[in-house]
Protein chains: 2
Amino acid sequence: MVPGMDEPIIRTVSRGVNQSGVRDHNVRLLLTLLQRHGPMAGSDLARLANLSPQTVSIILREMESEGLLARGAPVKGKVGKPSIPMRLAEGGVLSLGCKIGRRSAVLLLADFRGTVRQELRLTYHYPMPEPIFAFLRDGIKTILSKCSPAERSRICGIGIGTPFELWKWSELVDAPAKDFASWRHVDYQAELARFTDLPVQVVNDATAGCQAEHIYGRGKEFRDYAYFFIGAFVGGGIVLNHSVYQGHLGNAGALGSLRSFGPQGESQQLIDTASIHLLEARLAENGHDPRDLWTQPQDWSGFSRLVDPWIGQTAQELAKASLSVCAVIDFEAILIDGAFPDAVKHELVERTRRYLINQDMRGLIAPQIEAGVVGFNARAIGAATSPLFERYFLNGNLRLQS
Amino acid sequence: MVPGMDEPIIRTVSRGVNQSGVRDHNVRLLLTLLQRHGPMAGSDLARLANLSPQTVSIILREMESEGLLARGAPVKGKVGKPSIPMRLAEGGVLSLGCKIGRRSAVLLLADFRGTVRQELRLTYHYPMPEPIFAFLRDGIKTILSKCSPAERSRICGIGIGTPFELWKWSELVDAPAKDFASWRHVDYQAELARFTDLPVQVVNDATAGCQAEHIYGRGKEFRDYAYFFIGAFVGGGIVLNHSVYQGHLGNAGALGSLRSFGPQGESQQLIDTASIHLLEARLAENGHDPRDLWTQPQDWSGFSRLVDPWIGQTAQELAKASLSVCAVIDFEAILIDGAFPDAVKHELVERTRRYLINQDMRGLIAPQIEAGVVGFNARAIGAATSPLFERYFLNGNLRLQS
DNA sequence: AATAAATAAATAAATTAGATTTACATATTG
DNA sequence: CAATATGTAAATCTAATTTATTTATTTATT
């Protein structure tokens, strides 16, 4: 049995549970544990999940026969019968992810375990619906044509990571406001349904990044944390109880909208004080081509004179923002990632830590500041995880109302 | 069967579910639905909970025989057999709640439905462990002595609402720092165990207020909201998915620690800019006795000249704070309550709404600003709800690790 | 080195809990 | 009296646990 056929268990407080709901939950639980902890024997899973070995055995054999799980080499060296570690099968499940960004859109095919198998990119001056949907239509076709029939049948859906209220961005991206307004009534589900039967999930782009970090990066280490993704515009996501929390309208973790203060004490938002578009502007003022930031994502050493003060400012803002979010939820950690070279990321994290200790922390528990590891493509990879959570993994927190 | 005997279902993501877990969940679900929606027939519960009428029938009869539920008068006037609405039995479950505050501690006995049956108060210049534990010991004895044996057996626990890291308060309450440090190693469970066998839950005081508003007040109306309780020091609580979220160390909703800015742009916290202690100070400066605020909780009209500007400042701070919290979670609403007269509360809510619309709301969804209805005693009443959630109600979000 | 004992894993068979389904008695309206 | 909805009894079904068995290995003993 594959989970996700019935409505999953306990998605709202007002849902009773019956036997098939129990099975669905336990199947998802075992998949989630294997995802989170890596390959494991049934006996270990039974202990972790607090289920009887028999129950685990039955579920594992079923999932194995469906090709979701694969068995590893028996582990010897301990007293007793050798254990057989089970793992998520490499190609057991595939999914598509798309990120719509300031400068480019990405479409990719990823597997169960976060490996990107194919990737396509569209760049533009600013995003508009028509070219993006054309890119998706052609891109999906291209990607599917390179898959075997078996692989195609294992693609479980497509996730779209997109900024919240994109139609309000026209002045930020200096696009004609009138054209840009067409984003307002875009219905991704309906548009995608014109050329694919795959289930479609829409998720905030930075929240998608958070999902990627959560399952493939350092997210597993923490129960509750906030995630910053520094792109052209900064955004965020939050995790509670080991689950990404999207919020009732999908706008939880809108960390770009955190209040900040300009040099004259005027009210600003984090998006105005800690985003890469500020660095782009500085580059342009200094006669560089700001597009170099995007075409040379692994090496910004050519602009270090400008990058360095930008890191300083951004770190200061992130330190203040980190404490603001910790007043709402007592996050264990703050993860920072973005569309920049690793060296920049680590410098940013280091400086944020230093600024943090000078802040007023009365009544708060200091969070750990850590660097994310997924990096550049986090938003598209994370978008691809949405269909996985929908069908295979446990997500303690509710989905969006849809 | 009474729920809560086994570990309740799905408290962490890594918990498997078996039949007894299912029953426990469904029992709690029905109790929670009756709590939230009021008396209801089994057939309605079955529809709401998505359970078969048979299952609901069995569970209801069992809970009725245990005295947790009572049947109402048959409802006629519709086609078909009249339905019998079931309700939480008035005295079905009782619990104790204690709030430890700046100026006073309160101990009360409440029932399943939020009605306070007995209430005791201790006032002090500043809180210290020894007198408070003596008050609890004697108070519990007094309260129990006024209960019938049947009532005593129905008391399911005691909840303690206390500020976070009380030992750091010495300068705020001008107490000798040395004495005050004794709070640091206080173990409520151990202290209470010396004179009572009741299970003890410890919860942040403002979060307790939030729990009270959540089940007895306006909390039911919203899926996600933040709650401010304006006491001597402002505090808060948050609700996600219709459940109070305490956070992994019990410090979620530490809204008093939200960053704010003083007149010279210096960094402050909300606790410094939106608390009743500011008003106390103004009263003292103007020759009034600040204790009048606490002894005349329903009438502050004597100090309106001083109260009015305090309301203005507080409203402004709350408006800014409201947007800060909505950048972390897309709360539907902000609920405001406090230890002040209703007239003050409503003026504060009204002005907060007005300030809100002048704020920078890019990227955010404007929350509703609403007044809480539980008022003054919210923290103690809410503390008393902790044992109820522990044993009888569903709480989608995790409890503290303990 | 050979062998027995201990141990842990995995699973088959029997049992059990608790849900659903089906059937029916009941009380009411129209 | 027909229609309808509630509420419950009996039978059925699902998926868990418990108990018992097989198997592969390490460890201790001879």
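Protein chains get the first letters and strands the later ones, always in sequence-line order, with residue 1 at the start of each. Reckoned from all heavy atoms, side chains included, excluding hydrogens, waters and symmetry mates.
In this structure, B:Glu64 atom CD and D:dT8 atom C1' are separated by 13 Å, rounded to whole Å. For the pair A:Leu29 CG and D:dA15 C1', the computed distance is 15 Å after rounding to whole Å. Atom pair B:Arg71:CZ and C:dA27:P shows a separation of 13 Å (rounding to whole Å applied). Here C:dA12 presents its C1' atom at 17 Å from CD1 of A:Ile59, a figure rounded to the nearest Å. We find that CD1 of A:Ile58 is positioned 14 Å from P of C:dA14, with the value rounded to whole Å. For the pair A:Leu51 CG and C:dA10 P, the interatomic distance rounds to 15 Å; values are reported in whole Å. If you measure from atom CG of B:Leu60 to atom P of D:dT6, you get 13 Å, rounded to the nearest angstrom. B:Leu69 places its CG atom 13 Å from the P atom of D:dG7, with the value rounded to the nearest Å.
In terms of phosphate contacts, B:Asn26 brings no side-chain nitrogen or oxygen within less than 4.0 Å of OP1 or OP2 of C:dG18. At D:dG7, one or more side-chain N or O atoms of B:Ser43 fall inside 4.0 Å of OP1 or OP2 (strictly under the cut-off). One finds a side-chain N or O of B:Thr55 lying less than 4.0 angstrom from the OP1 or OP2 phosphate oxygen of C:dT20. Close to C:dG18, at under 4.0 Å from its OP1 or OP2, lies no side-chain N or O of A:Asn18. Remark: A:Ser57 is in phosphate contact with C:dT11, judged by side-chain N or O atoms under 4.0 Å from OP1 or OP2. Between C:dT28 and B:Lys76, a contact under 4.0 Å exists linking OP1 or OP2 to a side-chain N or O. Put simply, A:Arg23 has no side-chain N or O that comes within less than 4.0 Å of OP1 or OP2 on D:dT14.
With ring centers used as reference points, B:Tyr227 lies 6.0 Å or more from B:Phe222. With ring centers used as reference points, B:Phe112 lies under 6.0 Å from B:Phe393.
What you find for A:Val203 and A:Ala383 is that their closest heavy atoms are CG1-CA, 4.4 Å. The two residues A:Arg23 and A:Glu62 come nearest to each other via the heavy atoms NH1-OE1, 3.6 Å.
DNA chain C lies under 4.0 Å from at least one heavy atom of each of the following residues of residues 79-88 of chain B: B:Val79, B:Gly80, B:Lys81, B:Pro82.
More than 12 heavy-atom neighbours from other residues, nucleotides or ligands sit within 6.0 angstrom of CG on B:Asp187.
Where A:Gln19 and A:Arg61 meet DNA chain C, the nucleotide closest to each residue was compared, and A:Arg61 sits on the side nearer the 5' end. Across the interface with DNA chain D, nearest-nucleotide mapping of B:Lys78 and A:Ser52 shows B:Lys78 to be the residue nearer the 5′ end.
Salt bridge A:Glu90/A:Arg113: present, at least one basic N to carboxylate O contact under 4.0 Å.
Side-chain N/O atoms of B:Gln54 and base N/O atoms of D:dA9 include a donor-acceptor pair closer than 3.5 Å.
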| How does DNA chain D read in dot-bracket, base by base from 5' to 3', with Watson-Crick or G-U pairs under 3.5 Å and | used when the partner is on another strand? | ||||||||||||||||||||||||||||||
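As judged by a 4.0 angstrom heavy-atom cut-off over every strand, B:Arg47 is placed among residues touching the sugar-phosphate backbone only.
Within the 4.5 Å cutoff, the side chain of B:Pro39 has no heavy atoms near those of the B:Met86 side chain.
Residues satisfying the side chain to side chain donor-acceptor pair (under 3.5 Å) test with A:Gln35, not counting sequence neighbours, are none.
The side-chain contact (heavy atoms from CB on, under 4.5 Å) test with A:Asn26 singles out one residue from A:Leu30, A:Val22, A:Asp24, and that residue is A:Val22. Applying the side chain to side chain donor-acceptor pair (under 3.5 Å) test between A:Gln211 and each of A:Asn204, A:Thr385, A:Asn395 identifies A:Thr385 as the sole match.
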